[in-house]
2 protein chains.
Amino acid sequence: MNQKQTPLREQTRNVVRSLLARTAIELFASQGYDDTTLDEVAAAAGVSRRTLYNFFRNKEDLALSSLAEQGDLIAARFAERPADEDPWVSLRAAFQVLEEIEIRGEQRLEMVRLLFGNETLRAGHAEKQARWQDLLAPLIEPRLPPGDGREFQARTIAATAITCLQAATEEWMRRGGKADLPDLYDEAIRAVRGPA
Amino acid sequence: MNQKQTPLREQTRNVVRSLLARTAIELFASQGYDDTTLDEVAAAAGVSRRTLYNFFRNKEDLALSSLAEQGDLIAARFAERPADEDPWVSLRAAFQVLEEIEIRGEQRLEMVRLLFGNETLRAGHAEKQARWQDLLAPLIEPRLPPGDGREFQARTIAATAITCLQAATEEWMRRGGKADLPDLYDEAIRAVRGPA
DNA sequence: CACATTCGTGCACACTGTGCAAGTTGCTAC
DNA sequence: GTAGCAACTTGCACAGTGTGCACGAATGTG
């Protein structure tokens, strides 16, 4: 009983939640983010505007809800890597999760265009990804050589890797989704750290 | 006549603009960003709310107005550096502008705390700094060795340097403004690119 | 002095986001 | 079964942001 009860509620909640998010993103992509009101989204999903706020903190969260989970997945993948592996190698492997999970082809490009096309969303997107630092830095820190300021170094490494991922994603979009994202990421890392 | 007229308007406009920004930041710092309404800011500055919008696009711009000029200053300083200097060295020198211009001591710490303390402002702050890429990348590009994808590499280098600056600033704040920001920036760069 | 341009301002409005107070539904316990 | 509990949906009212518009004042021009 206890096994079913809580998960049951939570399960339906998650289903509804992702349904709402998908409905919203579809509208955002077709009409534009600013030109879509939450009333429209609510109507399209068959709920009231007030209910939308029971699932998402604000309009931005509605568009960026997928990013939070992605951070968790990346951190989980990183944690699976061997403890003596170079952090940069582990990071690259961890980001590979996105290739496995994200929607393929045109839909993915549409989503990226949405995120980079609007100033508010671009800022929110970058900020959400920047918070991945908080998940990754504690995992990176124990792999650094002993010494002062390891926490700061770990945060910096996480932030830089995420920045390279963002730069690669933007370039990927600029090329119309025709390039290979991991390749672009590698090129970004090479530009920063030199060929190795 | 033509020489005076236009600059005259523009001059008073700039004075008023910076007065409004300073009034706003003072209120934001003392009461908090979210707990300060634009009506309050307008009243404190002796203008109407509608007039505020003649000078700033929105509430966020009112708090971040100083960042746009900083980007221009950094780019200008970068352009002054010798054309054959390593881009990373030039970038470090360009960021030095902030040390010369920004307000010293407690006031600077207060400003940084304001920017990092609020989620919206943190996002807007990061996004505005990320736009510095657009200014710096074209200056970095001609300094890279010939080959494909130089533009992408230049953007990535600019983005990474800015990220390190942000990480350094955050660490500087975390230490209560007691550390030397350029030192922290160097440490961040070392963490990413290795000792050199 | 008549005129044009610019700017500040008030007003009305659409939209976001929140607190509150209902009403509804599904589950639990008796 | 049914009484009751807890979570959820919804409508309503409201504060705050941001915008279009039009009027009036100030300033510079012929």
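Since this is a predicted model, take the numbers as computed values, not measurements. Reminder, nothing fancy here: chain letters follow the sequence lines and each chain counts from 1.
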task = Check the distance between C/dG8's P and B/Leu38's CG and give it to me in whole angstrom.
result = 16 Å

inquiry  = I'd like to know if A/Arg50 reaches the base of C/dG19 with its side chain such that a donor and an acceptor end up less than 3.5 angstrom apart.
reply    = yes

request  = Considering just the side-chain nitrogens and oxygens of B/Thr51, establish if one lies under 4.0 Å of OP1 or OP2 belonging to C/dT9.
outcome  = yes

note = Out of C/dT9, C/dC20, C/dG17, minimum distance to the side chain of A/Asn58 belongs to C/dG17

request  = Could you state the atom-to-atom distance from NZ of B/Lys59 to P of D/dG16 in whole Å?
outcome  = 9 Å

request  = Please determine, for the side chain of B/Tyr53, which listed nucleotide (C/dT18, D/dT19, D/dG16) has the closest atom?
outcome  = D/dT19

inquiry  = Please pick, from D/dC8, D/dT10, D/dT17, the nucleotide with the shortest atom-to-atom distance to any side-chain atom of A/Arg13.
reply    = D/dC8

Earlier contact from the 5' end, DNA chain D, for B/Asp39 and A/Phe55 = A/Phe55

key: Value in whole Å for how far the C1' atom of C/dC15 lies from CZ of A/Arg49   = 8 Å

key: Rounded distance (Å) that lies between atom C1' of D/dG18 and atom CG of B/Asp61   = 13 Å

inquiry  = Test side chain to side chain contact (heavy atoms under 4.5 Å, CB included) on A/Met111 and A/Ile25; report intermediate values, then the result.
reply    = CA-CA 8 Å; A/Met111 180 71 184; A/Ile25 287 178; 3.9 Å; yes

key: Given B/Asp34, B/Asp39, B/Asp35, the one that forms side chain to side chain contact (heavy atoms under 4.5 Å, CB included) with B/Thr37   = B/Asp39

query = In terms of ring plane angle, is the pair B/Phe95 and B/Trp132 parallel, tilted or perpendicular, where the classes change at 30° and 60°?
reply = tilted

task = Take the protein atom CG of A/Asn54 and the nucleotide atom P of D/dT10, then report the distance between them rounded to whole Å.
result = 9 Å

ask   = More than 12 non-hydrogen atoms from neighbouring residues, nucleotides or ligands closer than 6.0 Å to CD on B/Gln31, yes or no?
value = yes

